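Side chains included, hydrogens not; waters and symmetry mates left out as well; all remaining heavy atoms used. To find a chain, count down the sequence lines: A is the first, B the second, and so on, and within it residues start at 1. Everything quoted here is computed from the prediction, not taken from an experiment.
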There are 2 protein chains.
Amino acid sequence: MPDPSPGARPTLEAVAARAGVSRATVSRVVNGGAGVRRPLVERVRRAVEELGYIPNHAARTLVTRRNGAVAVIIAEPEFRVFSDPFFEQQVRGISRELTAHDSQLVLLWVEGAGDYERIARYLGGGHVDGALAFSVHDDDELPSIVRRVQVPTVFGGRPGWPGATGELAVPYVDADNRGGAREAVRYLLAQGRGRIAHIAGPRDQTSATDRLAGYRDVLLDADPDLVAQGDFTEESGARAMAELLERRPGLDAVFAGNDLMASGALRVLRERGLRVPEDVALVGFDDMASVAEATDPPLTTVRQDIEGMGRLMVRLLMRALHQDGGPGAPDAAPGSVITPTELVRRASA
Amino acid sequence: MPDPSPGARPTLEAVAARAGVSRATVSRVVNGGAGVRRPLVERVRRAVEELGYIPNHAARTLVTRRNGAVAVIIAEPEFRVFSDPFFEQQVRGISRELTAHDSQLVLLWVEGAGDYERIARYLGGGHVDGALAFSVHDDDELPSIVRRVQVPTVFGGRPGWPGATGELAVPYVDADNRGGAREAVRYLLAQGRGRIAHIAGPRDQTSATDRLAGYRDVLLDADPDLVAQGDFTEESGARAMAELLERRPGLDAVFAGNDLMASGALRVLRERGLRVPEDVALVGFDDMASVAEATDPPLTTVRQDIEGMGRLMVRLLMRALHQDGGPGAPDAAPGSVITPTELVRRASA
DNA sequence: GGCCGTGCTGAGAGCGCTCTCACCCCGGCG
DNA sequence: CGCCGGGGTGAGAGCGCTCTCAGCACGGCC
């Protein structure tokens, strides 16, 4: 009875008819009900309920030019993308915050370099209100694409391409890698450690170079041989540790660029019969639960609120979106945000 | 010059005007150009090019009732969802196939039990053409929801709830777990192994119970003490192996429910001084690269084409979608598909 | 040579919604 | 008591596209 033709979804029109009001009034009620008298609101609400009315998204988008969807762009540089627990947490934060903003998450998986054309077309097609992108490489086309198609975009991780701080700047959210690194090193210093080594992450990722910079900020005249190169993998951490031990056997502390490398370093340290933290104190970065808490001894490390960063990316984007929305405001670029880190003391240092 | 007002995207109308044809003709060309004379097609194409015309998705959806989007529903039972390499590969397959079908992937992350209401509303709102869901638990609400809101849905993994083979059946894609298990056990048999143990995965996942069933298919009168319970984690594999060794020290082969458990079992085997495969042959399942190739010795295991399964899920869904599309065909449920597995011989057996 | 396909093209009617106005009704004021 | 102003409501014009159907030109047939 409430639904005359079972196949067809009820429209605004149907609700209006049932409630005995105009389409406009129903629309107002559905969108918050501001400026509609109480009894009418009630009546419309009831009609919506009875008919099981659900607004047609496409129709709404057609006129409002908003589609309540945000693209999350994943450029796959290597094998692990998803499997990165880091990424999972970030996406979770994004998903949650998006839900809170009544928006959907559209996943755009870039399938290699040739695929950017497709991405550009999609982004340019106005299918999404904005986009979120991750730690793009320095030569990535993404920044120029989003600029060209004018899609508000927030990046995860500080971009490192030349000019990223100037005219090619993009809004981003990143942890305070440099500050966190400084804190870690200062902590080691405070523990009385004198020869603090660093295992650095890949040179083309700002998260790695920023941490290295933080290390140098504190240890202004650090012995260059106390810095070894890794690539954020466990394996590379082990290799770097071995190298370090060979070059500077007397080192008494290691600040690793991330937990994975710290874990590799720890393995080598124990193999060589060095006690942690007695002989060598060890600090990681990330506070990746599956690693930092699982090692023996558990890792003292620098925590960053990854899920929070995801949420923040969305919030930044939403702010930019609501600020103007319409075209003609080419530079409503949301500002970037650096989120604080926190030293988590466990047993390794 | 081609673009009079820089802010505004060109519409069909604009293209029509520029090409000197009607909107209808432009529409025809944009959608394939069937039934339009050659020269006109060219002219329209050129106009599209010059204006940089991109069809408005919302407008199209409004009339066609198709939105070129498919929801991927992730119900998060435990911590790792994304981080599961299994899942990553599946999503990659889905993403690729969806792209081939010109569709988008909308990620729906279920945030706990109370969140199903939101999911139902979204699915019911006709925002997506169909949905893809994964290895739902037996008491999951998802199947009943998609049934209620009538959204064509394909499941990944054979559902195990009561009635799943009858009136509550849903279309799914799964690997031939049972057949693969049979092959693995037969292989062990052919190697002359007589006391073959099994480390089973969680009882509430059909992938695990199917593998156990396959094991039993071959070893009809298997000693019940040769089966130990695990939960698909490395740790549980180690525990189960220890148990097995205690109960039946004379076992000469182990078929583990997945590679992770096999890896755990391998660890324990070596700790006890047992040689693999000389003393105990070991076979895993999944052929998860990061595990099966990394162990020492590398694992003989049963491979399943995970990415292919993802693609298949999409293909099944698309078939159901194109088959009818409109309402009124309540039971256009696509059939299920079981994909073959393959035994990969490495050094562990 | 007239008639009927056949093949293209264009006109126009929506799809379901939002949003601007015009309108109406009422209270307050002159 | 008439007039003005303001809050509440409805009418109607689109948003950009698809799709049906009418119309037109052309060729083959009787």
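Using a cut-off of 4.0 Å between Lys/Arg side-chain N and Asp/Glu carboxylate O, A/Arg45 and A/Glu49 are scored as not salt-bridged. Using a cutoff of 4.0 Å between basic side-chain nitrogens and carboxylate oxygens, B/Arg92 and A/Glu111 are not scored as salt-bridged.
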Using a cutoff of under 3.5 Å, can you pull out all pairs of nitrogen or oxygen atoms linking the protein to nucleotides 14-16 of chain C, with atom names and distances?
residue : atom : partner : partner atom : Å
C/dC15  : O3'  : B/Arg65 : NH2          : 2.7
C/dG16  : OP1  : B/Arg65 : NH2          : 2.5
C/dG16  : N2   : A/Ala59 : O            : 3.4

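In this model, the phosphate group of C/dT18 is approached by a side-chain N or O of A/Ser27 to a distance below 4.0 Å at OP1 or OP2. Contact between the side-chain N/O atoms of A/Thr25 and the OP1/OP2 oxygens of D/dG10 is found at a separation under 4.0 Å. At least one side-chain nitrogen or oxygen of B/Arg37 sits closer than 4.0 Å to the OP1 or OP2 atom of C/dT9.
Using cut-offs of 30° and 60° on the angle between ring planes, the pair A/His127 and B/His57 is tilted.
Side-chain to base pairing of A/Arg28 with D/dG10: one donor and one acceptor N or O lie within less than 3.5 Å of each other.
One interatomic measurement links the two molecules: CD of A/Glu13 to P of D/dA11, which rounds to 10 Å at whole-angstrom precision. Distance NE2 (A/His57) to C1' (C/dT18): 14 Å, rounded to an integer number of Å.
Not less than 6.0 angstrom separates the ring centroid of A/Phe134 from the ring centroid of A/Phe155.
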Requested in this report: Please lay out, stage by stage, how B/Arg9 and B/Tyr53 fare under the test side-chain contact (heavy atoms from CB on, under 4.5 Å).
Outcome: CA-CA 7 Å; B/Arg9 285 190 201 295; B/Tyr53 169 73; over 6 Å; no
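For the pairing with B/Glu307, the side chain to side chain donor-acceptor pair (under 3.5 Å) check across B/Arg96, B/Gln90, B/Gln89 returns one residue only, B/Arg96.
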